[in-house]
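Notes follow once the structure below has been shown.
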Amino acid sequence: MKINEEFWIEIGNDHLDTFFFTLLVVGIFSSFVGTLAGGGGLITLPAMMILGIPIQTGIATNKFSSGIAAFTSVTFLLKNKQLDKRTISINIIIAFLGGIFGALITTSLSEKSMNVIALILLAFALFVTFRNNNWVSASQGNKSQKTDSLSSRMITFFIAVYDGGFGPGSSTFGIIHYMEKNQTYVKAVQLTRVLIFGSAFGAFIVFYLTGFVQWPYAIALAIGSTLGSQIGLIALPHVPLKLAKSLLITIIVLLIGEMVYKIV
């Protein structure tokens with residue numbers, strides 16, 4: 001797909017700096033929030049639609065920016081030895097395949113169908129989060145369960161499929177999944193960043209080959225998302241767990257509201 005020249009002519013050269021700065025700020029804020037609790041798509045996709053960017057291009061742009069941001073997160077984790085290479089490699093491969101599969105099947109499903117699926121999953125995620133009354137205490141010291149079991153890998157794959165084909169709430173699902181395995185909140189976020197890198201990379205390849213990527217949008221948002229992701233990872237160890245849970249619940253509720261609005 002060629003860059004939408006009419007759109008660039010319409011906004012004019014005098015407004016290009018404002019346009020890129022807007023996407024930069026949107027990327028920083030959405031990626032910061034998305035890193036800590038998920039739901040970054042709540043900010044990026046509506047913002048791009050307001051700017052006049054088509055929804056398909058918006059999704060493709062979001063995959064590129066989130067993939068780049070997640071990649072810098074993975075390098076951050078490797079540099080600081082916070083996750084071992086084997087765990088990162090396995091999760092990336094599983095999520096990469098899931099991202100490709102999700103991007104391919106999304107072409108055969110209507111947006112409304114995807115919204116219904118998202119609503120059901122988000123309602124379940126909210127139930128799980130509220131049900132776990134020991135969320136904070138469990139994440140502070142209990143023994144973690146294995147995340148390399150077959151069931152855990154299957155869940156990782158399906159989260160990646162959802163992220164590759166649609167996306168809203170996928171980081172939230174990842175965090176909750178790893179928290180259910182009694183991983184610490186910090187570790188759950190780190191593992192989710194690896195998952196998102198794999199799924200976003202796989203999905204981006206599909207979207208690129210189908211021509212939905214427009215580089216001016218993608219690069220501006222990617223720069224902002226990368227900065228926001230790094231800030232989020234640096235702030236992560238200092239986020240109180242009660243605040244993290246409240247943020248997670250708030251994001252889930254907002255995502256549910258968005259899905260209901262789209263369905264109705």
Side-chain angles (χ1 to χ4, degrees), residues 25-47 62-63 65-67 69-70 72-74 76-77 82-83 91 95 118-119 121-140 147 155-156 159-160 162-163 166-197 199-200 221 224-260:
V25 173
V26 167
I28 291 173
F29 183 64
S30 64
S31 187
F32 174 76
V33 173
T35 297
L36 297 179
L42 267 175
I43 303 167
T44 54
L45 290 179
N62 201 42
K63 291 306 164 195
S65 63
S66 60
T72 61
S73 298
V74 171
F76 176 90
L77 297 174
Q82 296 182 16
L83 287 178
N91 279 277
L119 179 60
L121 292 174
L122 287 165
F124 177 72
L126 186 62
F127 168 75
V128 169
T129 304
F130 272 119
R131 185 198 65 180
N132 190 354
N133 295 323
N134 297 320
W135 197 90
V136 173
S137 60
S139 64
Q140 286 179 324
T147 57
I155 293 173
T156 298
I159 293 174
Y162 173 76
D163 181 61
F166 194 54
S170 50
S171 291
T172 308
F173 294 142
I175 293 171
I176 290 175
H177 165 58
Y178 293 121
M179 289 293 293
E180 279 294 291
K181 292 295 182 181
N182 287 330
Q183 296 288 338
T184 64
Y185 167 67
V186 171
K187 190 65 68 179
V189 170
Q190 293 171 345
L191 288 167
T192 299
R193 298 309 294 162
V194 175
L195 187 163
I196 295 301
F197 167 62
S199 61
L221 193 65
S225 296
T226 298
L227 293 173
S229 178
Q230 292 298 302
I231 295 171
L233 284 175
I234 293 172
L236 180 60
H238 308 291
V239 176
L241 292 174
K242 288 184 178 180
L243 175 61
K245 183 177 182 180
S246 297
L247 181 61
L248 195 63
I249 291 173
T250 300
I251 291 297
I252 295 174
V253 171
L254 289 173
L255 284 165
I256 288 175
E258 182 186 30
M259 294 305 107
V260 170

Looking only at heavy atoms, which two atoms of [X] and [Y] are closest? And how far apart?
| X | Y | value |
| --- | --- | --- |
| Leu221 | Ser65 | CD2-OG, 3.3 Å |
| Leu247 | Ala37 | CG-CB, 3.6 Å |
| Leu233 | Pro237 | O-CD, 3.4 Å |
| Ser225 | Ala69 | O-CB, 3.4 Å |
| Phe197 | Gly67 | CD1-O, 3.4 Å |

*Please check if the side chain of Ser66 supplies one atom and the backbone of Lys63 the other of a donor-acceptor pair under 3.5 Å.*
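Checked: pair present.
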*When you measure from the side chain of Ser199 to the backbone N and O of Ala95, does any donor-acceptor pair fall under 3.5 Å?*
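Checking the backbone N and O of Ala95 against the side chain of Ser199, no donor-acceptor pair under 3.5 Å is found.
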[X]: partners by side chain to side chain contact (heavy atoms under 4.5 Å, CB included), with sequence neighbours left out:
| X | value |
| --- | --- |
| Val253 | Leu126, Ile249 |
| Leu83 | Leu77, Ile88, Lys187, Gln190, Leu191, Val194 |
| Phe32 | Leu36, Ile231, Ala235 |

*Selection residues 227-236 - residue pairs positive for side chain to side chain donor-acceptor pair (under 3.5 Å), sequence neighbours left out*: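 Listed by first then second residue: Thr72-Gln230, Ser73-Ser229, Arg193-Ser229.
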*First locate atom OG1 of Thr192, then atom CG of Asn91, and finally report the distance between them rounded to the nearest 0.5 Å.*
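With rounding to 0.5 Å, OG1 (Thr192) is 9.5 Å from CG (Asn91).
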*Could you grab the distance from atom CD1 of Ile175 to atom OH of Tyr185, nearest 0.5 Å is fine?*
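Between Ile175 CD1 and Tyr185 OH, I get 5.5 Å after rounding to 0.5 Å.
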*Do the side chains of Leu236 and Thr35 get nearer than 4.5 Å, heavy atoms only?*
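Answer no - side chains too far apart.
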*Test item: Thr156 and Tyr178 side chains (from C-beta on) under 4.5 Å apart, heavy atoms*: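 Heavy-atom side-chain distance check passes, below 4.5 Å.
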*List in chain and number order the residues that pass side-chain hydrogen bond (donor to acceptor under 3.5 Å, both in side chains) with Ser170, two or more places apart in sequence or in another chain; answer none if no residue qualifies.*
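side-chain hydrogen bond (donor to acceptor under 3.5 Å, both in side chains) list for Ser170, sorted by chain: Asp163.
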Under 3.5 Å, side-chain donor or acceptor atoms of residues 39-47 against the rest of the protein: list the pairs with distances, not counting sequence neighbours.
unit_1: Thr44; atom_1: OG1; unit_2: Gly40; atom_2: O; d: 3.4
unit_1: Thr44; atom_1: OG1; unit_2: Asn62; atom_2: OD1; d: 3.1

